[in-house]
Amino acid sequence: MTETKRLAYSIIQFLHDQLRSGDLSSDAQESLEVSIQCLETAFGVSVEDQSLAVSETLPELFAKATVKVADTPQVKINSTSSPPTEDQLAEAEQLKSDGNDQMKVENFSAAVEFYSKAIQINPQNAVYYCNRAAAYSKLGNYAGAVQDCELAIGIDPNYSKAYGRMGLALASLNKHAEAVSYYKKALELDPDNDTYKSNLQIAEQRMKETPSPTGGMGGVDLAGLLSNPGFMSMASNLMSNPQVQQLVSGMMSGAYGPVGSTGSPAAGAAPNDLSGLIQAGQQFAQQMQQQNPELIEQLRSQIRSRPPSASNEEQ
């Protein structure tokens, strides 16, 4: 735990240094201040706690690591090796087809394995990387999807689907400005693709939105919610409920065991702790619906905001 606190301290120290640099906008400074408060609360550390300081700052450690990476030969697609034989090409195509079949049944991990085997045989085929990028995206590995799309584009700069899937992965990483540029390139190569058009519009709309540092919880405007007097009044009433107070107190003291524990409650804990909390939450939701239906509809509208669409069609 001490090492974890040292790492948290180093991160907090770095964020404080960024605040003092004067190079950030007021919004960015506010975001960093919120981040620092969250880290200090989560790990129980403070920048004033010099006992957790290490001999080198985070930027210094990063600089050393970057030098090592730069001195390490990078893995590249080997274009100088002998080309695969016809039998090997056929085997790679069969592996790709097997991967496509796994995508259709939503077995994305298996699809990644098949595409990876096809790449090992024929690393010059952009389609294999692009298909694996789609599987990575389905698994939530958007960084892996971005890397594979970059490789596919490097092999075939006119491959529209690689640009489209790159845009989708970047959008999933909330890099909407970059996603827009890739969607536009995809449309240059395939101007009649409705999916690219739709995703471009969504990414452009997301660029116009300015999320609050306390926003972004599943697409819900948390800052607006917390500034809503009706919501805060109902939340206050909920927290004044003796049953809820008892449950929260028990959870904070560990009387009910760790959060997410599947074990039995500790001695003295009521047998229906979880059901009681659920019941209180349901009462809170019903109260919100009765007293402020407009707020409920606003929340539903935010949650229903549609994400970019991905095409499952493989090649």
dist Leu39:CG -> Ser46:OG (nearest 0.5 Å) comes out at 12.0 Å

Contacts of Glu93 meeting side chain to side chain donor-acceptor pair (under 3.5 Å) (sequence neighbours excluded), chain-then-number -> Lys96, Tyr128

Members sharing Leu170's hydrophobic cluster, built from side-chain contacts under 4.5 Å between Ile, Leu, Val, Met, Phe, Trp and Tyr, are Tyr142, Val146, Ile153, Tyr163, Met166, Leu173, Tyr182, Leu189

Heavy-atom nearest pair, Ala171 first then Ala179, reads N-CB, 3.8 Å

Could you go through the side-chain contact (heavy atoms from CB on, under 4.5 Å) check for Glu113 and Arg132 one step at a time? CA-CA 9 Å; Glu113 294 182 9; Arg132 189 171 68 176; over 6 Å; no

Taken to the nearest 0.5 Å, the spacing of Gln124 CD from Asp156 CG works out to 11.5 Å

Query raised in the report: Between Leu200 and Val180, is a side-chain contact (heavy atoms from CB on, under 4.5 Å) present by the stated rule, with each step listed?
Result: CA-CA 6 Å; Leu200 174 60; Val180 164; 3.8 Å; yes

Separation between CG (Asn158) and CD (Glu188), nearest 0.5 Å, reads 10.5 Å

When rounded to the nearest 0.5 Å, the distance separating CD of Glu178 from NE2 of His176 is 11.0 Å

Gln94 and Asp98: CA distance, side-chain angles, deciding distance, side-chain hydrogen bond (donor to acceptor under 3.5 Å, both in side chains) verdict: CA-CA 6 Å; Gln94 181 58 52; Asp98 292 340; 2.9 Å; yes

Taken in chain and number order and not counting sequence neighbours, the residues that satisfy side chain to side chain donor-acceptor pair (under 3.5 Å) with Asn141 are none

Note: Ala169 and Ser137 closest approach over all heavy atoms is CB-OG, 4.3 Å

Closest heavy-atom pair, Ser160 versus Tyr196, reported as atoms and distance to 0.1 Å, is O-OH, 3.5 Å

For Asn131 and Arg165 the tightest heavy-atom approach is OD1-NH1, 3.4 Å

So CG of Leu15 and CD of Gln37: to nearest 0.5 Å the spacing works out to 12.0 Å

Between Asn193 and Thr195 the two heavy atoms that sit nearest each other are OD1-N, 2.9 Å

So do Asn125 and Ile119 actually touch side chain to side chain, heavy atoms under 4.5 Å?
-> no

Open item on the list: Is it the case that the side chain of Tyr129 and the backbone of Pro123 share a donor-acceptor pair, with hydrogens and angles ignored and the cut-off at 3.5 Å?
Closed with: yes

Value for CZ (Phe108) from NZ (Lys138), rounded to nearest 0.5 Å, stands at 5.0 Å

**Study point:** Step-by-step side-chain contact (heavy atoms from CB on, under 4.5 Å) determination, Cys130 to Asp148
**Key:** CA-CA 6 Å; Cys130 194; Asp148 270 1; over 6 Å; no

Those residues at least two apart in sequence (or on a different chain) that pass side chain to side chain donor-acceptor pair (under 3.5 Å) with Ser181 are none

Side chain to side chain, Ile36 and Glu33, heavy atoms closer than 4.5 Å = no

Checklist entry - Should we say atom NZ of Lys197 is surrounded by more than 12 heavy atoms from elsewhere, each under 6.0 Å from it? => result yes

(message) Set out, in order, the CA-CA distance, both residues' side-chain angles and the distance that settles side-chain contact (heavy atoms from CB on, under 4.5 Å) for Gln88 and Asn122, then state yes or no.
(response) CA-CA 8 Å; Gln88 288 175 325; Asn122 184 11; over 6 Å; no

Apart from Phe114 itself, its cluster of hydrophobic side chains linked below 4.5 Å comprises Leu95, Ile121

Those residues at least two apart in sequence (or on a different chain) that pass side chain to side chain donor-acceptor pair (under 3.5 Å) with Tyr159 are Gln315

Quick one: does Gln147's side chain have a donor or acceptor within less than 3.5 Å of a partner on Gly144's backbone? no

